Amino acid sequence: MNRRQLIAAGLAATAAPLPAATPREDWQALAGEVKAAMRFAFAAYRQIAWGQDEVKPVSGGGQSFLIPGASVGLSIVEALDTLWLMGLDAELEDAVRWIHQRLTFDLDGDAQVFEASIRLVGGLLSGHLATGDARLLELAHDLASRMMPCFETPTGMPMRYVNLRTGKTRDGQSFPAEIGGGMAPEYVTLSRLTGERRFADKAVAAMLALHARRSKIGLVGDTIDVTTGQWVGRRATVGPPTDSYLEYLWDTWRLTGDVRCRDAYRVETAAILARMADRTTGDLWFANVDFETGAKLSLRQSELSAYYGGLLSEGGDHDAGVAAMTGWIAAQDRYGVLPEAFDPTDWRVLAPTNALRPELADGAFTLWLHDRDERWRHVVAKHFRLMIAKNKAPHGFSGLKDVRTGAQDDACPGYWWSEQMKYYWLIFSDTKRFDYKDNYLSTEGNVLKGLRR
Ligand code: IFL
């Protein structure tokens with residue numbers, strides 16, 4: 001849709017879409033607070049859970065994430081480019097040293113391909129791009145190579161799990177985000193850096209195989225059997241488990257110039273704007289609908305959908321992107337830390353947890369990269385200050401069991417190190433280490449383009 005069509009459909013931003021600019025802020029001072037929070041959390045992790053996938057920030061200790069009982073230093077890998085961007089050089093040196101000495105993927109365990117790709121392959125690649133360290137690239141290559149058997153299916157869409165030692169795969173009932181959103185930019189980057197095309201070829205083909213199975217109205221369902229190509233779940237959504245697929249259609253076009261990905265993104269986005277945009281509350285939300293009929297199923301919003309305004313803007317629909325963000329800003333004003341799910345029709349909380357989610361900061365940061373409207377910085381500043389007020393724990397930052405009571409859940413997911421801490425830093429600091437005009441951040445916040453060494 002062009003701007004005229006958007007206005008006709010009532011999707012373009014109307015007057016005063018963002019909160020009025022609030023009092024002047026000292027952004028550099030705020031950047032300093034972000035860096036101090038990162039330094040504090042990293043020191044605590046270093047002391048009590050070094051090498052574990054995740055720190056337990058309330059009780060102390062750590063836990064594995066990818067493979068039960070076998071940590072691969074996930075938080076270390078996810079923190080790499082954030083530490084580099086912040087100039088936390090001593091911490092970065094410790095992190096790279098641990099990886100050199102301890103990290104191996106020769107493990108007899110089943111890794112979830114999506115998580116291993118966006119977090120570990122992506123984290124090692126952005127760490128390599130930041131530091132120039134060859135071992136980080138070798139490890140990304142080793143892990144991705146171990147996971148390649150996942151693509152050996154009749155459709156070319158990946159199985160969900162693969163044993164890192166034996167290559168045995170399992171679980172063919174998968175989701176758009178895990179099929180198309182789990183790999184392409186990471187694997188395209190890996191192919192570019194190693195000269196081995198097989199990674200990019202398989203990942204892009206998988207994403208396009210999913211797109212080829214869209215319905216007549218241009219939407220994908222939420223669950224598909226990758227061994228038969230048959231849909232199992234009929235719900236079309238911009239949230240999980242579809243979110244990263246939509247991001248990676250556009251992102252792969254941006255990184256590779258592959259017009260098939262651009263065209264696929266355009267077809268699906270036009271269908272989403274036409275069939276899922278919902279103005280019943282006054283704000284622009286995206287409903288969950290049946291992927292073949294377009295019939296509305298619910299207006300339930302997952303917090304993870306807050307990224308979508310940023311994606312619309314990146315894809316050229318900036319006004320719709322701004323409009324898509326206004327409801328999320330109202331939600332932050334209403335709830336403080338957002339609940340995992342709510343219904344904007346009456347603001348009922350449907351799931352009260354918040355696993356330290358970054359998506360609102362992600363969406364606002366992406367919009368700011370496009371229009372430099374200072375008000376996005378205020379949205380992100382509020383997100384950061386809420387985190388300091390509600391999520392700070394004795395040994396780092398913790399998710400919440402219930403945003404209404406503030407009870408903490410004693411977990412700090414790996415993405416915290418890669419995502420919001422980076423978005424906060426980049427939007428406040430104006431660091432010279434980042435190219436604000438020409439960059440690419442993955443679904444996990446890994447900077448695969450735009451690091452200035
Ligand atoms: O892993 C993170 C990433 O942004 C993603 N899905 C969920 C996580 C953050 O909420 O793609």
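Quantities reported herein were computed from a predicted structural model and do not represent experimental measurements. Read the numbers this way: they start at 1 and go in the same order the structure lists the ligands and their atoms.
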Handout entry: Any N/O pair E115/ligand 1 closer than 3.5 Å
Key = no

Exercise for the section: Please check if the side chain of K422 supplies one atom and the backbone of G445 the other of a donor-acceptor pair under 3.5 Å. Expected result: yes

Do me a favour and list the nearest non-hydrogen protein atom to [atom] with residue, atom name and distance?
atom: atom 9 (C) of ligand 1; result: E359 OE2, 3.1 Å
atom: atom 11 (O) of ligand 1; result: T443 OG1, 3.0 Å
atom: atom 1 (O) of ligand 1; result: E444 OE1, 2.6 Å
atom: atom 4 (O) of ligand 1; result: E419 OE2, 2.6 Å
atom: atom 6 (N) of ligand 1; result: L304 CD2, 4.1 Å

Problem - Ring centres under 6.0 angstrom apart (F342, W285) - result: yes

Exercise for the section: State yes or no: are the ring centers of Y265 and H211 separated by less than 6.0 Å? Expected result: no

Going by the atom numbers of ligand 1, which of them fall below 4.0 Å from some non-hydrogen atom of [X]?
X: R357; value: 7 (C), 8 (C), 9 (C), 10 (O)
X: P358; value: 9 (C), 10 (O)
X: S244; value: 11 (O)

Handout entry: Exercise: do S75 and W417 side chains pair donor with acceptor under 3.5 Å
Key = yes

Exercise for the section: Run the salt-bridge test on D142 and R146 with the 4.0 Å N-O cut-off and return the result as yes or no. Expected result: yes

Handout entry: Charged tip of K35 within 45° of F40 ring normal and under 6.0 Å
Key = no

Exercise for the section: If the plane angle is over 60° it's perpendicular, under 30° parallel, otherwise tilted; pick one for F434 and Y436. Expected result: perpendicular

